[in-house]
*Asks:* 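Please see the structure below; I have some questions.
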Amino acid sequence: FPSHATTTTMMMTTIQVCLLVVLCCASFTYGAHLDSFSVYTVTQATSEDVMFFEEHGYDIWRTSLSENDTSSLEFDIMMKQEDARVILAQRRLPYSVKIQDINKALKDEAERVQNERVSSSSPAAPSWYDAYHTYAEFVQRAQTLAQSFPSFVTYVPSIGSSVENRAIPALRVNTKSKNVTCHIYFEGGIHAREWISPATALYLAEQLITTASTDKDVARILDKCTFDIVPIVNPDGYVFTWGTGSSNRLWRKNRRNNGGSYGVDLNRNWDIHWCETGASRTPSSDTYCGTGPFSEPETRAVSQYVLNAGYRFDAAIDIHSYGQLILRPPGWTKTPTVDEKELETVSEGMAAAIKQVHGQSYTSQAIWQLYVSSGSSVDWWYYTQGVQIKLAYGPELRDTGRNGFLLPAAQIIPTGEENFAALKYLADYVISKKN
């Protein structure tokens, strides 16, 4: 018989071989069946653990500081069940099951979405925001808002076209008051599967527009501020998530044909320390940064819109999900910005405003505290000469993982209400700094 030492060596070799076999087959290809996939919450992790799983093609849904130990991270990850048993054990990472059967969860969501859409289309439906909507329906809704309030709402049919030649529309809310001194920009839908993001972006725009005549706070803000809104930055990806096939729903990137794979992560494609860290040069990766900075028409369109707005924005928000966070720059470096204290204070004020609405807690953090990532919108807004938007944020909306990207439509309005409070807080802060 082999000695104890030899046995231990053989066991370790066997584990390493098994791990290698698992990793060789691990890279997830969208379009594949999701049988035997689950979503796990992994705790007591490091940024190196997050990078390991990203580099091996796993789908990380959320990352946050651990609730009970802010020196470590936790993250939600979708994995085959056998992969989880081998790899998480090998890396000695504690985990729990968040969604046992992702295929079932996706099928349940599809049925729920269909029912919600039928109900919301009824004349008796209380709100358009009781259901999720297609890209075409978003376009129509934005057009209708502008047509209904022509004196202070401008519909921009397209600030540029996507890879598949879809229009990227925008709304500008401007009362043309002589008192305007503040300019705020926000966008949604840069990541396709985050359905709550464009829904919230348009909800915020609609609240600004439709309550101006009844809400004194909104009227006061619109007397001082303009708002530019791009509800869906990534129309091709968003349309793809509404297509057939359960795995389409979880698509993140745009729909660039890379030759053998599809998609560029539009939030790794901005011309700010492009692809230095926290991004991948592998086209099949969920964080693929593209062939170069602003290689994608979507990021070029949005960046040019910001640059050519005719004024410099005082604040900008890139709406994401999920995790209930308010993220601030930097992402590409661990060195805090020179405005760290102000950025933190304002985001904490936004979080406090959110909590007052429905009691939901959002955490203020710098992006790098979760993971170092380069080529993001928030960093580009803050650091780029000629843009330099000091108050640049990337909030992660509801929830903290129970539903993840499959957030029920019943939470659209509550999410919008609490984030409208945050938007008003931000606008008031900008106005106070201008006076």
Side-chain angles (χ1 to χ4, degrees), residues 47 50-51 54 63 159-160 162-163 168 183-191 194 197 228 230 233-234 237 252-254 256 263-283 285-309 311-320 325-340 342-344 346-347 364-396:
S47 57
V50 175
M51 290 178 64
E54 284 186 343
T63 307
I159 64 170
S162 66
V163 166
I168 303 172
H183 305 284
I184 296 175
Y185 169 84
F186 59 92
E187 67 183 31
I190 198 168
H191 287 148
E194 299 169 9
S197 167
D228 288 75
V230 178
V233 174
N234 179 11
R252 168 184 168 100
K253 302 183 288 181
N254 75 353
R256 166 74 68 188
V264 171
D265 183 348
L266 297 180
N267 208 32
R268 299 294 187 274
N269 190 239
W270 296 67
D271 190 10
I272 181 71
H273 296 276
W274 175 79
C275 221
E276 288 182 5
T277 185
S280 174
R281 294 178 187 269
T282 302
S285 170
D286 259 356
T287 58
Y288 176 48
C289 57
T291 56
F294 290 139
S295 63
E296 303 313 293
E298 297 91 346
T299 50
R300 289 198 302 272
V302 174
S303 61
Q304 287 302 306
Y305 183 79
V306 169
L307 283 167
N308 298 322
Y311 37 73
R312 180 174 290 185
F313 289 101
D314 300 290
I317 302 171
D318 186 3
I319 302 171
H320 289 265
L325 306 170
I326 302 177
L327 299 178
R328 61 184 183 272
W332 66 275
T333 176
K334 293 183 179 181
T335 302
T337 68
V338 296
D339 299 300
E340 164 66 11
E342 184 176 7
L343 280 162
E344 181 180 26
V346 174
S347 61
S364 168
Q365 291 175 201
I367 298 169
W368 69 262
Q369 290 178 285
L370 301 182
Y371 45 78
V372 179
S373 62
S374 55
S376 72
S377 58
V378 171
D379 277 353
W380 186 83
W381 290 334
Y382 180 85
Y383 287 101
T384 300
Q385 189 71 29
V387 182
Q388 293 170 312
I389 304 171
K390 188 197 304 189
L391 301 173
Y393 295 104
E396 300 277 357

*Asks:* Do the side chain of D379 and the main chain of W332 share a donor and acceptor less than 3.5 angstrom apart?
*Replies:*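 Here the side-chain-to-backbone pair exists.
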
*Asks:* May I have the step-by-step check of ring pair (Phe, Tyr, Trp, His ring centres under 6.0 Å) for F313 and W381, ending in yes or no?
*Replies:* CA-CA 9 Å; F313 289 101; W381 290 334; 8.9 Å; no

*Asks:* Look only at the side chain of Y393 and the backbone of L343, and say whether a donor-acceptor pair between them is shorter than 3.5 Å.
*Replies:*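 Such a contact is found between Y393 side chain and L343 backbone.
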
*Asks:* Over all heavy atoms of both residues, which pair between G386 and Q388 is shortest? Give the atoms and the distance, please.
*Replies:*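 Between these two residues, the closest heavy atoms are N-OE1, 3.8 Å.
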
*Asks:* Taking the side chain as every heavy atom from C-beta outward, state whether E54 and D286 have any pair of such atoms under 4.5 Å apart.
*Replies:*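 Heavy-atom side-chain distance check fails, nothing below 4.5 Å.
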
*Asks:* For N269 and S295, test the side chains for any donor-to-acceptor distance below 3.5 angstrom and give the result as yes or no.
*Replies:*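 Result is yes, a qualifying pair exists.
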
*Asks:* Grab the two heavy atoms, one from V378 and one from R328, that are nearest each other, plus how far apart they are.
*Replies:*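 Shortest heavy-atom contact: CG1-C, 4.5 Å.
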
*Asks:* What distance separates S373 OG from H273 NE2, expressed to the nearest 0.5 Å?
*Replies:*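 The OG atom of S373 sits 12.0 Å away from the NE2 atom of H273.
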
*Asks:* Would a distance-only check, ignoring hydrogens and angles, find a side-chain to backbone donor-acceptor pair under 3.5 Å from S197 to G189?
*Replies:*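 Such a contact is found between S197 side chain and G189 backbone.
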
*Asks:* Between C275 and R281, which heavy-atom pair has the shortest distance, and what is it?
*Replies:*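 So the minimum-distance heavy-atom pair works out to SG-CG, 3.5 Å.
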
*Asks:* Donor-acceptor pair, distance only, cut-off 3.5 Å: does the side chain of R268 make one with the backbone of G290?
*Replies:*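 Pair absent, no side-chain N/O of R268 close to backbone of G290.
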
*Asks:* Are the side chains of C289 and D265 in contact, using a 4.5 Å heavy-atom criterion?
*Replies:*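 Sidechains of C289 and D265: no contact.
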
*Asks:* Quick one, S162 and N254 - any side-chain contact, counting heavy atoms below 4.5 Å?
*Replies:*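 No, their side chains stay 4.5 Å or more apart.
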
*Asks:* Checking N267 now: which residues fulfil side-chain hydrogen bond (donor to acceptor under 3.5 Å, both in side chains) with it, not counting sequence neighbours?
*Replies:*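 Counting only residues at least two positions away or on another chain, N267 forms a side-chain hydrogen bond (donor to acceptor under 3.5 Å, both in side chains) with S377.
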
*Asks:* Test L307 against V387 for side-chain contact (heavy atoms from CB on, under 4.5 Å), laying out the working first.
*Replies:* CA-CA 7 Å; L307 283 167; V387 182; 3.4 Å; yes

*Asks:* Check whether any side-chain heavy atom of L370 sits under 4.5 Å from a side-chain heavy atom of L327, and report yes or no.
*Replies:*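 A side-chain contact exists here, since the closest heavy-atom pair is under 4.5 Å.
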
*Asks:* Spell out, as yes or no, whether a donor-acceptor pair under 3.5 Å connects the side chain of T299 to the backbone of L266.
*Replies:*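 Checked: no pair found.
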
*Asks:* Does some side-chain heavy atom of I190 sit less than 4.5 Å from a side-chain heavy atom of V302?
*Replies:*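 The answer is no; the side chains never approach within 4.5 Å.
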
*Asks:* Determine whether W270 and T384 make a side-chain contact, defined as any pair of heavy atoms from C-beta on separated by less than 4.5 Å.
*Replies:*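 Answer no - side chains too far apart.
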
*Asks:* Report yes if some heavy atom in the side chain of Y288 is under 4.5 Å from a heavy atom in the side chain of V264; otherwise report no.
*Replies:*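 Yes. Closest side-chain heavy atoms under 4.5 Å.
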
*Asks:* Only pairs at least two apart or in different chains count here, so list each salt bridge (Lys or Arg N to Asp or Glu O under 4.0 Å) that has a residue in residues 380-392.
*Replies:*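 Listed by first then second residue: E342-K390.
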
*Asks:* Does K253 reach the main-chain N or O of S285 with its side chain, forming a donor-acceptor pair under 3.5 Å?
*Replies:*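 Yes, because the side chain of K253 sits within donor-acceptor range (under 3.5 Å) of the backbone of S285.
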
*Asks:* Please confirm whether the backbone N or O of W380 pairs with a side-chain atom of D271, one donor and one acceptor, at under 3.5 Å?
*Replies:*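 Looks like no, no N/O pair under 3.5 Å.
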
*Asks:* With side-chain contact (heavy atoms from CB on, under 4.5 Å) as the criterion, how do W368 and T277 come out once you've worked through the C-alpha distance, each side chain's angles and the decisive distance to 0.1 Å?
*Replies:* CA-CA 11 Å; W368 69 262; T277 185; over 6 Å; no

*Asks:* Among L391, D339, I272, I389, which residue meets the side chain to side chain contact (heavy atoms under 4.5 Å, CB included) test with Y382?
*Replies:*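 Only one option passes, and that is D339.
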
*Asks:* Within the 4.5 Å heavy-atom criterion, are R252 and N234 side-chain neighbours or not?
*Replies:*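 In short, these two side chains do not touch, never coming nearer than 4.5 Å.
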
*Asks:* Could you pull out all residues at least two apart from E296 that satisfy salt bridge (charged side-chain N to carboxylate O under 4.0 Å, His left out)?
*Replies:*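 Testing E296 for salt bridge (charged side-chain N to carboxylate O under 4.0 Å, His left out), a comparison that skips the adjacent residues, returns R256.
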
*Asks:* Mind checking the CG-CD spacing from D318 to E187? Nearest 0.5 Å is all I need.
*Replies:*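 Result: 4.0 Å between the selected atoms.
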
*Asks:* When you measure from the side chain of S347 to the backbone N and O of I326, does any donor-acceptor pair fall under 3.5 Å?
*Replies:*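 Checking the backbone N and O of I326 against the side chain of S347, no donor-acceptor pair under 3.5 Å is found.
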
*Asks:* Compare every heavy atom of P329 with every heavy atom of E340, then report the nearest pair and how far apart it is.
*Replies:*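 Residues E340 and P329, closest heavy atoms: OE1-O, 4.3 Å.
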
*Asks:* Which distance, rounded to the nearest 0.5 Å, do you find between the OG1 of T63 and the CD of Q369?
*Replies:*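 The distance works out to 13.0 Å.
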
